[in-house]
Amino acid sequence: MKKNYNYTRRKLYLPEYGRHIHEMIDSLLEIEDRYERNRQARAVIAVMGNLFPLLRDTADFAHKLWDHLFIMSDFKLDVDSPYPRPTREELTIRPRPLSYTQGRIAYKHYGKYVERIARKIAEEAPAEGGAQAIDNLARYMRTKSYEYNEEHPNNETIVRDLKRMTNDAIRVDEEALNNLRSDYKQHHSAHAQKGHAMRNNRQQKGRQHPHGRSKNNNQHRNFTK
């Protein structure tokens, strides 16, 4: 007996319709009478629509069914469609390749936009709001540096990097920079101290609870006796 496995059959162009629909469309290609072929094609469209009843109210549902009919026939079916027939060229248009930036990021821990912002501030250098913009940029640099290195950057490093990015075109008020509030996460030691304090509180509560550790110790003593 000859076994008919799926891998020996032809490829399904739209697997969601199943193999039976594809075989029905293949049978349409064998009908020579055009009138009968059109009538059978409309019957196949009706069966295809019954497979997805929830999509009947969507826009252009019938148009999509006719397009799928031609796709599953490998664009070989010649019937009278109420909609423009799709072509293979329309569905196989290759998208325009995207051009990727090849520029080198000098300060990866800050990101590529920090250097652009610093240069933009240096070019414009507004009389009002320039110092505030530099302060915000320095705060952002401090945050990104902590996220990348997991350590607190000092202000001297931030000032030095800002001057290198702009070729000494930006004047940073180091005293104002020292007074900036830190918006990044707490240091690891702070987390460790907080966790140690929470563990101590839980241990103290366990000792004070009437059904806690002391009761278990008493039961252990009675059992040993």
Asker: Minimum heavy-atom separation for Y140 to V114, with atom names?
Answerer: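 Closest pair (atom of Y140, atom of V114, distance): CE2-CG2, 3.5 Å.
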Asker: Using only atom types and a distance under 3.5 Å, with no angle test, would you say the side chain of N38 pairs donor to acceptor with the backbone of D80?
Answerer: yes
Asker: For R96, check side-chain hydrogen bond (donor to acceptor under 3.5 Å, both in side chains) against everything at least two apart and list the hits.
Answerer: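 Checked R96 against side-chain hydrogen bond (donor to acceptor under 3.5 Å, both in side chains); zero matches.
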Asker: Kindly write out the residues that satisfy side chain to side chain contact (heavy atoms under 4.5 Å, CB included) with N154, not counting sequence neighbours, or none if the list is empty.
Answerer: E156, T157
Asker: Output a table of donor-acceptor pairs, distance under 3.5 Å, between side-chain atoms of residues 48-55 and any protein atom two or more places apart or on a different chain; print 'none' if there are none.
Answerer:
| unit_1 | atom_1 | unit_2 | atom_2 | d |
| --- | --- | --- | --- | --- |
| N50 | OD1 | R56 | NH2 | 2.5 |
| N50 | ND2 | A46 | O | 3.2 |

Asker: Indicate the atoms forming the closest heavy-atom contact of L65 with I45, along with that distance.
Answerer: O-CD1, 3.6 Å
Asker: To check you understand the geometry: which heavy-atom pair defines the closest contact between A41 and L69, and what is its length?
Answerer: CB-CD2, 4.4 Å
Asker: Just how far is it from atom CD1 of I121 to atom OG1 of T166, taken to the nearest 0.5 Å?
Answerer: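 Going from the CD1 atom of I121 to the OG1 atom of T166 covers 9.5 Å.
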Asker: Might you point out which heavy atoms bring M72 and Y13 nearest each other, and give the distance in Å?
Answerer: O-CD1, 3.6 Å
Asker: Under the side chain to side chain contact (heavy atoms under 4.5 Å, CB included) test, which residues partner E36, sequence neighbours left out?
Answerer: I31, D33, R39, Q40
Asker: I'd like to check the side chain to side chain contact (heavy atoms under 4.5 Å, CB included) partners of R88; sequence neighbours left out, ordered by chain and number.
Answerer: D74, F75, T92
Asker: Considering residues at least two apart in sequence or located in another chain, which fulfil the salt bridge (charged side-chain N to carboxylate O under 4.0 Å, His left out) criterion with D78?
Answerer: R34, R85
Asker: Under the side-chain hydrogen bond (donor to acceptor under 3.5 Å, both in side chains) test, which residues partner D161, sequence neighbours left out?
Answerer: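 Here the qualifying residues are Y110.
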Asker: Please say which of N136, T143, D135 ends up in a side chain to side chain donor-acceptor pair (under 3.5 Å) with R139.
Answerer: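 Only one option passes, and that is N136.
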Asker: Which heavy atom in M165 sits nearest to a heavy atom in A118, and how many Å separate them?
Answerer: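 What the structure gives for the nearest pair is SD-CB, 4.2 Å.
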Asker: Just to verify, what does H63 make a ring-ring contact (aromatic ring centres under 6.0 Å, His included) with, not counting sequence neighbours?
Answerer: Y83
Asker: Report the residues that fulfil salt bridge (charged side-chain N to carboxylate O under 4.0 Å, His left out) with R94, sequence neighbours left out, ordered by chain and then residue number.
Answerer: none
Asker: In chain order, what residues pass the ring-ring contact (aromatic ring centres under 6.0 Å, His included) check against H22, with sequence neighbours excluded?
Answerer: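 Testing H22 for ring-ring contact (aromatic ring centres under 6.0 Å, His included), a comparison that skips the adjacent residues, returns none.
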Asker: Taking side-chain hydrogen bond (donor to acceptor under 3.5 Å, both in side chains) as the test, write out the residues that go with S145, two or more places apart.
Answerer: N149
Asker: Checking R119 now: which residues fulfil side-chain hydrogen bond (donor to acceptor under 3.5 Å, both in side chains) with it, not counting sequence neighbours?
Answerer: E115
Asker: What pair of heavy atoms forms the shortest contact from I25 to S73, and how long is it?
Answerer: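 Closest pair (atom of I25, atom of S73, distance): CG2-CB, 3.6 Å.
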Asker: Return the CZ to CG distance between R19 and L12, rounded to the nearest 0.5 Å.
Answerer: 4.0 Å
